[in-house]
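Structure record follows, encoded as structure tokens.
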Amino acid sequence: MSLAESMDEPRLPISARASAAAPYLQGLNPEQRAAVEALDGPVLVLAGAGTGKTRVLTTRLAHLLSTGRAKSWQVLAVTFTNKAAREMRERVEHLMGPGAGGIQWLGTFHSTSAQMLRRHAELAGLKSSFTILDTDDQIRLLKQIIEAEGIDEKRWTARAMAGAIDGWKNRALTPARVPKGDAHVWGDGRAIAVYAAYQERLKILNACDFGDLLLHMTDIFQKHPDLLAEYHRKLPYIMVDEYQDTNVAQYLWLRLLAQGTNNLCVVGDDDQSIYGWRGAEVDNILRFERDFPGAKVVRLERNYRSTGNILAAASKLIDHNTGRLGKTLWTQDEPGERVKVRGVWDGEVEARLIGDDIEQWVQSGTPALKRTHSDCAVLVRAAWQMRAFEERFLMLRIPYKVIGGPRFFERAEVRDAHAYLRLIRSEEDDLAFERVINQPKRGLAEATLKKLHAEAGQRTPAFNTAEPLFDLLTGEVSDIPEGEITASTRFRSLAAAARHLVQGDTLPLKARTALRGFLNDLDRWRAQSRQVTHVELAEIVLDESGYTEMLRNDKSPTAQTRLENLKELVQAMGQFDTLAAYLEHVELVLDIEAGGDGDEVHLSTLHAAKGLEWPLVFLPGWEETVFPSQRAIDESGVKGLEEERRLAYVGITRGRESVRISFAANRQIYGRWQSVLPSRFVDELPEANVDAISETGYGRPGSFGGVGESGSRFESLAPGAGFSSGYESPGWKRAQDRIGGDRPFSRPPIIDGEARLVTRTGPTDAVFAVGVRVFHDKFGYGRIRAVEGNKLTVAFEKAGEKKVIDSFVKAA
DNA sequence: AGCCCTGTCCTTTTT
DNA sequence: GGACAGGGCT
């Protein structure tokens, strides 16, 4: 009998107790309530999109706590993203009142495991202050190893190796356990050796990568049953969100932790498994009942989010997948608007159309029925597709926010700043040292770094003989012979090597002086760090290192943003008491919300949109090779395709009232124009729930028209304007058949660099008449006020109170 | 050492 | 259209 059970006193039946005093249970449907109240033993909650999954999880957590079943430190609640964890915490607090959010073990797999590993680091051969490497560090480290092994870095990239290592770690494979067959995925069979060398380097650097956070803990639990038992006692209740996305490593970790009481509740939806490429095994959820015998299964099928048409479209689409657990989502909502599917000429038109739709949506709001920018989301398959929309929104001055865009803490300038701080904390942080030694430029580039590495690699008297011995050439690590106090062969840190080299004359005088200056700076900052606050320290370092100055002198358009990012960083640091506290939490947990007034269109990848919802959702880029991604199909065949389809399902089910899918006939891929075919997913949508429209037909009202082969700065929005070059792509032909567009399209617009030129020839000249509404790439919409020979005077709507702000010269 | 030019290969998706 | 590497030049 487990400890948790033995502590259980006799109680009233759960249902009786709950209905007596549990306001938070009110409004749950019977299935939801069943899921919330099943507190003992394994529980699998199959929760379709929009069925109140998060509500069930948070209510269940609240129920556990408020019935006194568990204390707030006795529940382990695991999510996949920090965002989900934060939301859960907030919602529990909302249910139970302030203070209830203080659940100690609520976080992502990685952050909770890191939390554990910090306590038992020594059992994995680490110090508890270990650093967590992100992809960037990982690749830099691998580059060094690959170079040291004499492998051609051109042919076998560090990035590919990092991918292989991640893959193995996702499957919980240590170097020794990697199947022989896998060795040849990279480097002519040397992959495993590199992997092993990498692991040794990590240990010496006192570092972990993401995968290690889980693997080290799993390993510790397996080797120390007593410790595991302690965790079983400490954490009798476990809950997992998005179970369909767990990989082998996470599964093993979880199973070890759950095996004490078996009070494990997992929530997931096999139709929303979209992380197969990250090693997620849908199998984990399909197998749950076998893995945990006696598991109770609850299905949530009533959808509270989307209208009938949206739900029907999504369900029919996902029906094309095989091997599903299967469920039938239903709603009591109205059928509502049908899903719109639109064929457009190219990505630019698509962005324009969506921008217009959003403006229209917002304008159509009334005081009674508010319609805001934040009601709208644009969800794309890959991050590069966002740029077109960002450009468009900037131009139209539509406020927007990128969800999960380039992570704040992965930005170069932020990482540089961190490297400085890490270096001040510990001079032995070689990765940090390397990152900033020549950033800003100090004349300490490759040549110097090479000499530093050589010096650091010398067998030199150690300053820490307690460390294992590491030989870079053979990659071998040996333990220090017991009882023998000797000079160790441990490497010096780069900083230590630098201190040595500035004394001698190996380095040219210039480099020596620069290096000495750098080391002096470090020493000074380290001394100061004891007197000033960490926030002040950051400011001093950024200033005195010349980093801020470097950015100020940088003429590139991104420099300004980068400076602002640094300001945000300094602000974020203020939320922590000490530098150590800040650095410890930063890599995994913190997520800075970009400032803004909150009324912003959301721009996101489909992956990052999981778990979110909006009244109006745009799904652009539904073209073969883009979505479904060609690469997914090439790499994983039918499995890959089905995952893409689940992604489409996730996309559609984000919409509450209106879903607008679009595909272009032409798209720029790698900067080259390509004609593309509509996605097969378009064909798979049920006709009855879909409106197919062409917004682009020549001469139709609302046509964009007016874009000719000769190129143009303007396009007319006047009905009937525009002409065709007669160019037809195969993609368009197919789109035309389906959608019933009646005219061919013109070529993609060719935009010249000069903002003031109008280069237009041909029949569309007629549109330049007083009163015609035009569009300009820089200034947005406007109306022609005067036409005088080659000059147009235009009043723009956005660029300053409808005044005449510019005149335009039409090129000959 | 560092800048600028050119050519090559790309880009899914995230902790 | 962009990141990055190699070569040639200052």
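To find a chain, count down the sequence lines: A is the first, B the second, and so on, and within it residues start at 1.
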What are the two closest non-hydrogen atoms of Leu213(A) and Ser113(A), and how far apart are they? O-OG, 2.6 Å
For the pair Arg278(A) and Asp245(A), find out whether any cationic side-chain nitrogen is under 4.0 Å from an anionic carboxylate oxygen. no
Run the salt-bridge test on Lys169(A) and Asp209(A) with the 4.0 Å N-O cut-off and return the result as yes or no. yes
Check this for me, if you would: do Arg646(A) and Glu643(A) make a salt bridge, where the nitrogen-to-carboxylate-oxygen distance has to be below 4.0 angstrom? yes
Please confirm whether the shortest side-chain N or O distance from Asn438(A) to OP1 or OP2 of dG2(B) is below 4.0 Å. yes
Need two values: the first and the last nucleotide of DNA chain C, 5' to 3', having an atom under 4.0 Å from any heavy-atom of chain A. dG1(C) to dG6(C)
What does the list of N/O pairs under 3.5 Å between the protein and nucleotides 9-11 of chain B look like, with a distance for each?
from	atom 1	to	atom 2	distance (Å)
dT11(B)	O3'	Arg631(A)	NH1	2.8

Any cation-pi pair here, Arg645(A) with Phe681(A), using under 6.0 Å and within 45°? no
Which of Gln138(A), Lys203(A), Met161(A) passes side-chain contact (heavy atoms from CB on, under 4.5 Å) with Tyr198(A)? It is Gln138(A)
Find the runs of at least 3 consecutive base pairs, i with j, i+1 with j-1 and so on, that include DNA chain B, using Watson-Crick or G-U wobble geometry with both distances under 3.5 Å. B:1-9 with C:2-10
Parallel, tilted or perpendicular: which fits the ring planes of Phe393(A) and Tyr400(A), with parallel below 30° and perpendicular above 60°? tilted
Taking the same atom, C1', in dG6(C) and in dT11(B), what whole-Å distance lies between them? 23 Å
OP1 or OP2 of dT13(B) sitting under 4.0 Å from any side-chain N/O of Ser629(A)? no
Pairing donors with acceptors under 3.5 angstrom, does anything connect the side chains of Tyr582(A) and His418(A)? yes
Between dA1(B), dC3(B), dT14(B), which nucleotide has the shortest distance from any of its atoms to the side chain of Tyr275(A)? dT14(B)
Phe80(A) ring over dT15(B) six-membered base ring, under 5.5 Å and 30°: no
Any Lys/Arg nitrogen of Arg667(A) or Glu623(A) sitting under 4.0 Å from an Asp/Glu carboxylate oxygen of the other? yes
So if I take every side-chain heavy atom of Thr448(A) and compare against dT15(B), dG2(B), dA1(B), which nucleotide ends up nearest? dA1(B)
